[in-house]
Amino acid sequence: EGDNCVFDGMIYRNGETFQPSCKYQCTCRDGQIGCLPRCNLDLLLPGPDCPFPRKIEVPGECCEKWICDPKDEVILGGFAMAAYRQEATLGIDVSDSSANCIEQTTEWSACSKSCGMGFSTRVTNRNQQCEMVKQTRLCMIRPCENEEPSDKKGKKCIRTKKSLKAVRFEYKNCTSMQTYKPRYCGLCNDGRCCTPHNTKTIQVEFRCPQGKVLKKPMMLINTCVCHNNCPQSNNAF
């Protein structure tokens with residue numbers, strides 16, 4: 001007939017269904033307990049109408065609900081989603097939930113501005129809790145200066161160029177404490193768009209008014225590429 005199951009001091013027969021909490025429905029199968037969530041755990045990806053969704057507990061209700069968070073300063077933690085939650089193990093001691101974690105990380109989105117300081121985002125569960133969080137980093141594809149591509153016939157596109165002088169990055173009236181010689185994307189003289197191809201992320205410390213110090217992740221460009229897949233209605237590329 002199959003073995004019984006024991007959970008939280010209770011014995012369940014093979015084939016018996018039970019609810020250890022309002023969030024889960026479980027079934028005993030030959031000594032093993034399998035559970036399904038009763039709450040909607042679908043991923044809510046950010047959209048223009050709701051750029052910073054966040055889950056909250058509702059008093060008197062079992063399941064959490066999504067709300068739209070207007071804050072634009074959320075770097076980590078404001079975008080928690082249930083890729084894997086420790087409570088789903090239902091009493092089994094799991095000291096490190098990352099052991100059961102299938103890592104999922106999206107590519108960084110395109111920079112929000114074609115020149116000057118912008119930001120890009122991605123979603124990842126690369127953390128100890130294996131929870132999907134939204135990460136944001138600053139980015140600068142090129143300074144906002146009038147630069148014209150070379151009109152010499154046959155000349156290669158200027159894909160990547162390094163800043164000749166050390167610069168300090170500016171962000172919301174704050175200035176980077178260190179100076180950098182970043183690479184920028186150039187312009188393509190055949191009408192194509194020039195965007196970053198290979199990048200890395202560094203931590204930049206900014207000094208703000210009243211002596212406040214901010215630390216922000218920022219994209220640094222390694223290489224750029226010319227292509228025809230131009231961002232819509234963005235002539236500056």
Side-chain angles (χ1 to χ4, degrees), residues 43-53 72-76 79 103-126 132-206 214-237:
L43 267 60
L44 180 64
L45 292 175
D49 298 331
C50 186
F52 298 100
D72 61 355
E73 287 298 304
V74 180
I75 298 298
L76 285 174
F79 197 68
E103 190 174 295
Q104 301 171 72
T105 303
T106 65
E107 294 292 327
W108 286 103
S109 67
C111 194
S112 61
K113 292 188 177 179
S114 58
C115 73
M117 190 68 76
F119 67 91
S120 65
T121 59
R122 72 175 180 183
V123 178
T124 182
N125 64 351
R126 192 183 296 166
M132 296 296 283
V133 295
K134 182 178 179 181
Q135 294 179 326
T136 304
R137 68 176 181 178
L138 301 175
C139 51
M140 184 186 287
I141 296 178
R142 60 180 65 83
C144 286
E145 299 165 358
N146 292 325
E147 299 179 19
E148 295 297 325
S150 171
D151 56 2
K152 290 182 182 175
K153 296 293 184 185
K155 185 169 180 181
K156 254 180 116 177
C157 300
I158 308 169
R159 286 198 221 164
T160 313
K161 50 186 176 180
K162 194 165 186 175
S163 175
L164 297 177
K165 59 181 181 180
V167 296
R168 294 184 189 271
F169 296 123
E170 301 283 337
Y171 170 72
K172 289 191 174 179
N173 296 328
C174 306
T175 305
S176 65
M177 296 168 69
Q178 291 187 21
T179 58
Y180 299 87
K181 280 192 174 182
R183 288 188 177 89
Y184 298 125
C185 289
L187 296 166
C188 307
N189 58 12
D190 56 2
R192 291 183 295 168
C193 306
C194 190
T195 55
H197 176 63
N198 184 275
T199 66
K200 65 180 179 180
T201 305
I202 62 166
Q203 294 291 329
V204 177
E205 285 191 339
F206 293 88
L214 277 180
K215 186 179 278 189
K216 294 281 185 182
M218 182 166 178
M219 174 190 80
L220 282 190
I221 296 170
N222 291 326
T223 60
C224 301
V225 65
C226 293
H227 57 89
N228 289 312
N229 187 23
C230 302
Q232 288 185 346
S233 68
N234 203 339
N235 298 326
F237 275 108

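If you read the sequence from its start, that first residue is 1, and numbering goes on from there.
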Could I get the full list of salt bridge (Lys or Arg N to Asp or Glu O under 4.0 Å) partners for [X], not counting sequence neighbours?
| X | value |
| --- | --- |
| Lys200 | none |
| Arg126 | Glu103 |
| Glu170 | none |

Can you give me the closest heavy-atom contact between [X] and [Y], atom names plus distance?
| X | Y | result |
| --- | --- | --- |
| Thr201 | Pro217 | CG2-CB, 3.8 Å |
| Lys215 | Gln203 | CG-OE1, 3.5 Å |
| Asn125 | Gln104 | OD1-N, 2.7 Å |

Answer whether the closest heavy-atom distance between the side chains of [X] and [Y] falls below 4.5 Å.
| X | Y | result |
| --- | --- | --- |
| Ile221 | Pro196 | yes |
| Val133 | Thr124 | yes |
| Lys216 | Val204 | no |
| Met117 | Met218 | yes |
| Pro182 | Val167 | yes |
| Arg192 | His227 | no |
| Phe206 | Thr175 | no |
| Cys115 | Arg142 | yes |

Keeping the roles fixed (side chain from Asn198, backbone from Asn222), state whether a donor-acceptor pair exists under 3.5 Å.
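A pair under 3.5 Å: no.
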Test your reading of the model: is there a side-chain donor-acceptor pair from Arg122 to the backbone of Glu107, 3.5 Å cut-off?
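Absent.
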How long is the span from the CD atom in Glu205 to the CE atom in Met177, to the nearest 0.5 Å?
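Rounded to the nearest 0.5 Å, the CD-CE separation comes to 5.0 Å.
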Working to the nearest 0.5 angstrom, can you tell me the gap between Cys174 SG and Leu214 CG?
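Answer rounded to 0.5 Å: 5.0 Å.
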Which pairs, with at least one residue in residues 173-194 and sequence neighbours excluded, count as a ring-ring contact (aromatic ring centres under 6.0 Å, His included)?
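Checked against ring-ring contact (aromatic ring centres under 6.0 Å, His included) - neighbours excluded - the pairs reaching residues 173-194 are Phe169-Tyr180.
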side-chain contact (heavy atoms from CB on, under 4.5 Å) with Phe119: which residues, sequence neighbours excluded?
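Result, side-chain contact (heavy atoms from CB on, under 4.5 Å) vs Phe119: Ser112, Thr121, Thr136.
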Taking only residues two or more places apart in sequence or in another chain, which ones pass side-chain contact (heavy atoms from CB on, under 4.5 Å) with Ser120?
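With sequence neighbours excluded, Ser120 shows a side-chain contact (heavy atoms from CB on, under 4.5 Å) to Trp108, Ser109, Arg137, Cys139, given in chain and number order.
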Under the side-chain contact (heavy atoms from CB on, under 4.5 Å) criterion, do Cys224 and His197 qualify, and how do the steps go?
CA-CA 5 Å; Cys224 301; His197 176 63; 5.6 Å; no
Going through the checks in order, is the side-chain contact (heavy atoms from CB on, under 4.5 Å) test met by Cys194 and Leu187?
CA-CA 6 Å; Cys194 190; Leu187 296 166; 5.7 Å; no
Taking the SG atom of each, are Cys188 and Cys193 under 2.5 Å apart?
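The sulfur gammas are not closer than 2.5 Å, so no.
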